[in-house]
Amino acid sequence: MRVLGVNAVFHDPAAALVVDGRTVAAAEEERFSRRKHGKEAVPFSTWELPIASMRWCLKEAGLAPSDLDAVAYSYDPSLALEEGPGLDPGWERLRLIYVERAPYFLSTALPGLDPSRVVHVPHHVAHAASAALAAPFTAEGAVDRAVLAADGRGENTSHLAGSYSASGELRVLARQPLPESLGLVYEELTQHLGFRRSSDEYKVMALASYGEPSMNERLKDTIAYRGDGLVVASGVDWETLVPACPPGEEPTREHADLAASVQDRMEEVLLELVGWLHEQTGQRRLAMAGGVALNCVANSRIVREGPFDDVWVQPAAGDAGTALGAALQVAADLGDEITPMSGADLGRGWDEDSLAAILDEAELEYERPDDIAAEVARALSDDALVAWFQGRSEYGPRALGHRSLLADPSREENLERLNRVKGRESFRPVAPMVSVEHAPEIFSGGPLPSPYMLFVHDVAPEWRDRIPAVVHVDGTARVQTVDPEDDPLTARLLSEFAARTGSPVLVNTSLNTAGRPMVDSPRDALECFGSAPVDVLALGPFLVRRGRITGGLR
């Protein structure tokens with residue numbers, strides 16, 4: 001079967017294509033439109049479809065819209081309410097009108113598509129499928145998994161807890177009705193702290209490490225587990241805790257304490273929730289998705305203190321991932337045997353000839369070294385900032401060695417340097433990339449391997465002074481491990497860097513600047529390189545050095 005998945009309702013519109021149970025392509029619309037998160041998460045933007053990413057997915061597979069057996073849309077209007085707590089009062093009906101008419105919008109955007117082939121998939125079912133059905137098999141093959149999908153909101157719920165059988169059948173054990181929502185509480189906190197809601201929640205997580213959970217007791221009535229897979233999470237009176245931080249101003253210690261308190265309460269509630277889920281299912285493995293699952297601090301605590309032997313988080317855990325989950329769920333319902341996703345590199349890629357042509361058009365002087373990994377390792381060991389553009393782009397919010405900005409972690413000042421280059425807040429950490437073989441000697445307290453940068457790990461004390469640029473204030477780091485079987489080029493870069501410096505670790509942050517989506521195309525990379533003080537651009541096998549720019553983009 002050929003199934004196109006679409007997310008369009010809230011934020012992070014995206015498309016994914018599943019053919020005969022295998023994920024062929026997946027991409028977020030922001031990477032094409034260059035608009036962060038694709039659009040605002042408001043009811044009157046629901047009509048906007050991820051047109052560029054949908055068309056690219058079909059082109060990548062050589063398919064026409066008429067070739068599709070189904071289009072899976074990750075929202076079911078039959079489950080939604082027009083008014084009610086946790087919804088957008090006065091506007092929710094407009095959102096539903098757009099969702100109900102999505103088949104006709106889709107057939108207009110994809111000429112030749114039969115509107116009757118559009119299937120509405122419940123939002124949290126799509127999240128759940130993106131985790132459990134895409135998760136890797138064990139050595140014994142497909143396995144049953146418990147699943148938790150938690151975010152701000154879907155149609156009329158905020159989380160789903162259940163399990164998947166090895167055959168792909170979902171058993172729902174709990175659905176959390178709105179307005180109770182761990183995700184919405186965290187969104188409210190994000191806004192209260194002066195950050196952008198439904199966008200900057202990761203900044204709150206970083207800020208929490210600078211505070212103490214001193215307000216924990218005052219939050220226990222409004223953020224709590226209440227049993228049977230359900231929670232209390234609403235009605236927090238933020239102003240009585242700490243006055244709001246105006247946007248653009250530096251958060252105070254009190255704001256950091258509030259962030260730490262909410263973070264701690266959420267972790268405690270999640271631990272009780274997954275404990276209940278384990279009791280109900282008896283499963284050893286848990287799969288997670290939804291915006292809450294992007295909280296890597298909470299994920300690591302679930303691993304350390306929770307009852308599951310294995311926790312796997314969908315790398316595109318946010319709403320973009322529902323495009324893939326919806327497609328996988330419909331493919332399974334149509335009888336396809338689902339293959340786990342092979343990695344997050346599911347987006348666009350360019351061959352060497354295309355890259356050379358773009359460099360020639362830009363009138364840039366460039367070179368093609370005999371060994372791009374060795375040459376970049378040399379530049380990094382000389383303290384260069386390197387834009388690393390290789391292979392297909394990542395699906396999800398993490399740069400994983402395909403669209404990355406790299407630096408030497410042994411120089412503590414590189415944290416400030418990178419935050420200045422990217423226009424980021426000073427309290428935000430950058431992450432380490434490490435070879436999978438050396439990871440256990442440096443990092444602990446989280447699952448290893450950790451290829452998708454979705455957990456935090458404790459940095460060994462003897463390594464903290466060796467890689468200070470990637471060590472957060474609490475002694476942790478959000479690790480990405482690199483396996484040569486999955487990414488031989490980046491693994492060789494790490495090996496070459498280790499041979500020169502004795503350290504198998506690099507700073508790895510996303511290749512973008514503040515307010516811009518991650519770089520996706522070669523032209524995006526050249527624009528970023530031209531506008532930010534980055535020393536070297538490794539574009540496929542080609543190298544552009546800052547001092548050798550002789551022309552400019554047209």
If only atom types and distance count, is the side chain of [X] paired as donor or acceptor with the main-chain N or O of [Y] below 3.5 Å?
{"X": "D458", "Y": "T476", "result": "no"}
{"X": "D524", "Y": "S521", "result": "yes"}
{"X": "R464", "Y": "V459", "result": "yes"}
{"X": "D535", "Y": "L385", "result": "yes"}
{"X": "R35", "Y": "P517", "result": "no"}
{"X": "S300", "Y": "V297", "result": "no"}
{"X": "H402", "Y": "R392", "result": "yes"}
{"X": "E394", "Y": "R403", "result": "yes"}
{"X": "Q283", "Y": "R285", "result": "no"}
{"X": "R145", "Y": "V311", "result": "no"}

Side-chain touch [X]/[Y], heavy atoms, less than 4.5 angstrom:
{"X": "V18", "Y": "L324", "value": "yes"}
{"X": "L160", "Y": "V125", "value": "yes"}
{"X": "R34", "Y": "D520", "value": "yes"}
{"X": "S503", "Y": "W463", "value": "yes"}
{"X": "L406", "Y": "N508", "value": "yes"}
{"X": "R284", "Y": "D310", "value": "no"}
{"X": "L511", "Y": "F529", "value": "no"}
{"X": "T481", "Y": "F443", "value": "no"}

Out of curiosity, [X] [atom1] to [Y] [atom2], how far, rounded to the nearest 0.5 Å?
{"X": "R398", "Y": "Q480", "atom1": "CZ", "atom2": "CD", "answer": "11.0 Å"}
{"X": "F455", "Y": "L448", "atom1": "CZ", "atom2": "CG", "answer": "10.5 Å"}
{"X": "E30", "Y": "R516", "atom1": "CD", "atom2": "CZ", "answer": "10.0 Å"}
{"X": "Y395", "Y": "E28", "atom1": "OH", "atom2": "CD", "answer": "6.5 Å"}
{"X": "L537", "Y": "F542", "atom1": "CG", "atom2": "CZ", "answer": "11.5 Å"}
{"X": "R378", "Y": "S381", "atom1": "CZ", "atom2": "OG", "answer": "7.5 Å"}

Give a yes-or-no answer on whether the side chains of [X] and [Y] include a donor-acceptor pair shorter than 3.5 Å.
{"X": "S510", "Y": "K422", "answer": "yes"}
{"X": "N414", "Y": "D383", "answer": "yes"}
{"X": "H124", "Y": "D151", "answer": "yes"}
{"X": "D200", "Y": "T190", "answer": "no"}
{"X": "Q263", "Y": "N295", "answer": "yes"}
{"X": "T322", "Y": "D319", "answer": "no"}
{"X": "Q329", "Y": "Y164", "answer": "yes"}

Grab the two heavy atoms, one from [X] and one from [Y], that are nearest each other, plus how far apart they are.
{"X": "C296", "Y": "R478", "answer": "SG-CD, 3.5 Å"}
{"X": "W312", "Y": "M341", "answer": "CH2-SD, 4.0 Å"}
{"X": "N7", "Y": "A323", "answer": "N-CB, 3.7 Å"}
{"X": "G325", "Y": "A129", "answer": "O-CB, 3.3 Å"}
{"X": "W56", "Y": "A26", "answer": "CZ3-N, 4.0 Å"}
{"X": "P13", "Y": "A8", "answer": "CB-CA, 4.4 Å"}

Legend entry - Whether over 12 other heavy atoms sit under 6.0 Å from D465 CG: no
Does [X] come within less than 4.0 Å of [Y], counting only side-chain N to carboxylate O?
{"X": "D371", "Y": "R492", "result": "yes"}
{"X": "E48", "Y": "K39", "result": "no"}
{"X": "R196", "Y": "E40", "result": "yes"}
{"X": "R417", "Y": "E413", "result": "no"}
{"X": "E375", "Y": "R545", "result": "yes"}

Inset, instruction - Show your working on side-chain contact (heavy atoms from CB on, under 4.5 Å) between L294 and V313 and close with a plain yes or no. - result: CA-CA 8 Å; L294 288 173; V313 181; 5.8 Å; no
Legend entry - Ring geometry between F10 and H123 (parallel below 30°, tilted from 30 to 60°, perpendicular above 60°): perpendicular
Inset, instruction - Quick one: list whatever passes side-chain hydrogen bond (donor to acceptor under 3.5 Å, both in side chains) with K36, sequence neighbours left out. - result: none
Legend entry - Lys/Arg cation over aromatic F32: R348, 6.0 Å, 45° cone: yes
Inset, instruction - Evaluate the side-chain contact (heavy atoms from CB on, under 4.5 Å) criterion for residues S198 and H37: first the C-alpha distance (whole Å), next the side-chain angles of each, then the deciding distance (0.1 Å), finally the verdict. - result: CA-CA 9 Å; S198 297; H37 295 295; over 6 Å; no
